[in-house]
*Asks:* 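Please see the structure below; I have some questions.
Every chain is numbered from 1, with letters handed out A, B, ... down the list of sequences. Values reported hereafter were calculated over all heavy atoms of this structure, with side chains retained and with hydrogens, waters and symmetry mates removed.
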Number of protein chains: 2
Amino acid sequence: MNVHSNSPRVEDILQRLRRAGHRITPQRLAILRAFADSHSHPSVDMVYAAVKPNFPTTSLATVYKTVVLLKELGEVMEIGFGEGGNRYDVRVPTPHPHLVCTRCRRILDAELDALDHLTETLAQSTGFRILSHRVDFYGICPECRRKAAH
Amino acid sequence: MNVHSNSPRVEDILQRLRRAGHRITPQRLAILRAFADSHSHPSVDMVYAAVKPNFPTTSLATVYKTVVLLKELGEVMEIGFGEGGNRYDVRVPTPHPHLVCTRCRRILDAELDALDHLTETLAQSTGFRILSHRVDFYGICPECRRKAAH
DNA sequence: TTATTTTTAGATAATGATTATTAATAACAA
DNA sequence: TTGTTATTAATAATCATTATCTAAAAATAA
């Protein structure tokens, strides 16, 4: 397996894993790559499905355990959804707004420069110390809209 | 039981239930009142705990089924949280921002007039048809901050 | 290298919130 | 008041996630 076919992000995480004293197993490498390759905030099942063909013996539990590990290291952010399980962000593992298509289930990152200022204002007017946020917009993505108009 | 001791909001929902052909049972009335009385977006368990003293035989399943019914009628909005179950809003059952205290678990409504304009801008720049949103800010409420400073 | 120790993987059981099921009960119309 | 039918209560089922436990693999020591 070519170790040098990794994205910079994967290399980055591998270094941090090593630094924290964790082992780089073939399974972890495959899971990491599946996370990094996915462009749409995958679920555990999606990652599992992507790893399975190359590592048929991989257990779902291993994927879950790797997710826990990556969360602890701050390299993956969990986005909780009631139905159908959580989704994950390895590319930008800090809170940021998302656009969620309720038809095809895709999740895209949204640019919202105004958010920081908004948070500041809200903190001042309420007395809350705001530490994090969850900002998601639900709707129909351009592709699904096009399909719907057949 | 005094039927006239209901808040306007409870009366309102009772009317809609009747109009939709649903029966007004003592359990439903008690659950509705528990929802309306709670000022902090209760969980199913909180409602169950509030109903239990007056109706010791009430089942948790009945609370869940009433929640489903009220959701279908649009009289209750579910706010999904991964850990510790969902929370509900009977007072303002349409999407709006919340302030969530991660220490005492309280949930407060937030005023954010800028949100509509923001949504509009985002819809135009991305091509999404935005239908709903989830905007929550997590942090420490003023009371918990005061307590922490002992 | 070989032995020893520790981490990790894999399989599967357990958990916990929610839902589905089903027999018994009660709301409401006639 | 009675009959029809929705609703209740109890409990089993579900499903994503977590915990457990044993075997395999890798790191470390000898």
*Asks:* Could you list the protein-to-nucleotides 12-15 of chain D atom pairs, N/O on both sides, closer than 3.5 Å?
*Replies:*
none

*Asks:* Taking N or O atoms only and anything under 3.5 Å, show me the protein contacts with nucleotides 16-18 of chain C, one pair per line.
*Replies:*
unit_1  : atom_1 : unit_2   : atom_2 : d
dT18(C) : OP1    : Asn86(B) : N      : 3.1
dT18(C) : OP1    : Asn86(B) : ND2    : 3.0
dT18(C) : OP2    : Tyr64(B) : OH     : 2.4
dT18(C) : O5'    : Tyr64(B) : OH     : 3.4

*Asks:* Roughly how many Å is it from NZ in Lys52(B) to C1' in dT8(D), rounded to a whole number?
*Replies:*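 For the pair Lys52(B) NZ and dT8(D) C1', the rounded distance is 14 Å.
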*Asks:* For the side chain of Thr57(B), counting heavy atoms from C-beta on, which of dA11(C), dA9(D), dA27(C) is nearest?
*Replies:*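 Shortest atom-to-atom distance from the side chain points to dA9(D).
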*Asks:* For the pair made of NZ in Lys65(B) and C1' in dA26(C), what is the distance, rounded to whole Å?
*Replies:* 14 Å
*Asks:* Is Thr66(A) reaching over with its side chain to a backbone N or O of Thr62(A), donor-acceptor style, under 3.5 angstrom?
*Replies:*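 Checking the backbone N and O of Thr62(A) against the side chain of Thr66(A), a donor-acceptor pair under 3.5 Å is found.
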*Asks:* Measuring to OP1 and OP2 of dA27(C), would you say a side-chain N or O of Gln27(B) lies under 4.0 angstrom away?
*Replies:*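 No, outside the criterion.
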*Asks:* Glu75(A): which residues meet the side chain to side chain donor-acceptor pair (under 3.5 Å) condition with it, sequence neighbours left out?
*Replies:*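 Listed in chain order: Arg9(A), Arg16(A).
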*Asks:* Determine whether the side chains of His96(B) and Asp109(B) contain a donor N or O and an acceptor N or O closer than 3.5 Å.
*Replies:* yes
*Asks:* Taking five pairs at each end, how big is the angle between the two axes of the helix from dT1(C)-dA30(D) to dA30(C)-dT1(D), to 10°?
*Replies:*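 What I find for the helix from dT1(C)-dA30(D) to dA30(C)-dT1(D) is an axis angle of 30°.
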*Asks:* What is the distance from CZ of Arg28(A) to C1' of dA27(D), rounded to the nearest Å?
*Replies:* 14 Å
*Asks:* Going by the rule side chain to side chain donor-acceptor pair (under 3.5 Å), which residues pair with Arg87(B) if we only count those two or more places apart in sequence or in a different chain?
*Replies:* none
*Asks:* Under the salt bridge (charged side-chain N to carboxylate O under 4.0 Å, His left out) definition, can you give me all pairs with a residue in residues 45-73 of chain B, not counting sequence neighbours?
*Replies:* Lys71(B)-Glu78(B)
*Asks:* Going by side chain to side chain donor-acceptor pair (under 3.5 Å), name the residues that satisfy it together with Asp37(B), two or more places apart in sequence or in a different chain.
*Replies:*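 Counting only residues at least two positions away or on another chain, Asp37(B) forms no side chain to side chain donor-acceptor pair (under 3.5 Å).
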*Asks:* Below 3.5 Å between N/O atoms, which protein atoms pair up with nucleotides 28-30 of chain C? Just atom names and distances, please.
*Replies:*
unit_1  : atom_1 : unit_2   : atom_2 : d
dC28(C) : OP1    : Ile24(B) : N      : 3.0

*Asks:* Got a sec, which pairs hit salt bridge (charged side-chain N to carboxylate O under 4.0 Å, His left out) with one end in residues 97-108 of chain B, sequence neighbours left out?
*Replies:*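 Sorted pair list: Glu83(B)-Arg105(B), Arg106(B)-Glu143(B).
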*Asks:* Could you state the atom-to-atom distance from CD1 of Ile79(A) to C1' of dA16(D) in whole Å?
*Replies:*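 Result: 17 Å.
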*Asks:* Please identify each residue that fulfils salt bridge (Lys or Arg N to Asp or Glu O under 4.0 Å) with Asp89(A), with sequence neighbours left out.
*Replies:*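 With neighbours one apart ignored, the set is empty.
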*Asks:* Distance check: side-chain N/O of Thr62(B) vs OP1/OP2 of dA9(D), anything under 4.0 Å?
*Replies:*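 For Thr62(B), the contact criterion (side-chain N or O under 4.0 Å from OP1 or OP2 of dA9(D)) is met.
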*Asks:* What integer distance in Å separates Met46(A):CE from dA16(D):C1'?
*Replies:*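 After rounding, the reported distance stands at 14 Å.
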*Asks:* Enumerate the salt bridge (charged side-chain N to carboxylate O under 4.0 Å, His left out) contacts for residues 116-130 of chain B, please, sequence neighbours excluded, ordered by first and then second residue.
*Replies:* none
*Asks:* Near DNA chain C, under 4.0 Å by heavy atom, which residues of residues 68-76 of chain B?
*Replies:*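 Per residue number, the list is empty: none.
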*Asks:* Just wondering, do Val67(B) and Ile31(B) contact through their side chains at under 4.5 Å, heavy atoms?
*Replies:*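 No, side chains not in contact.
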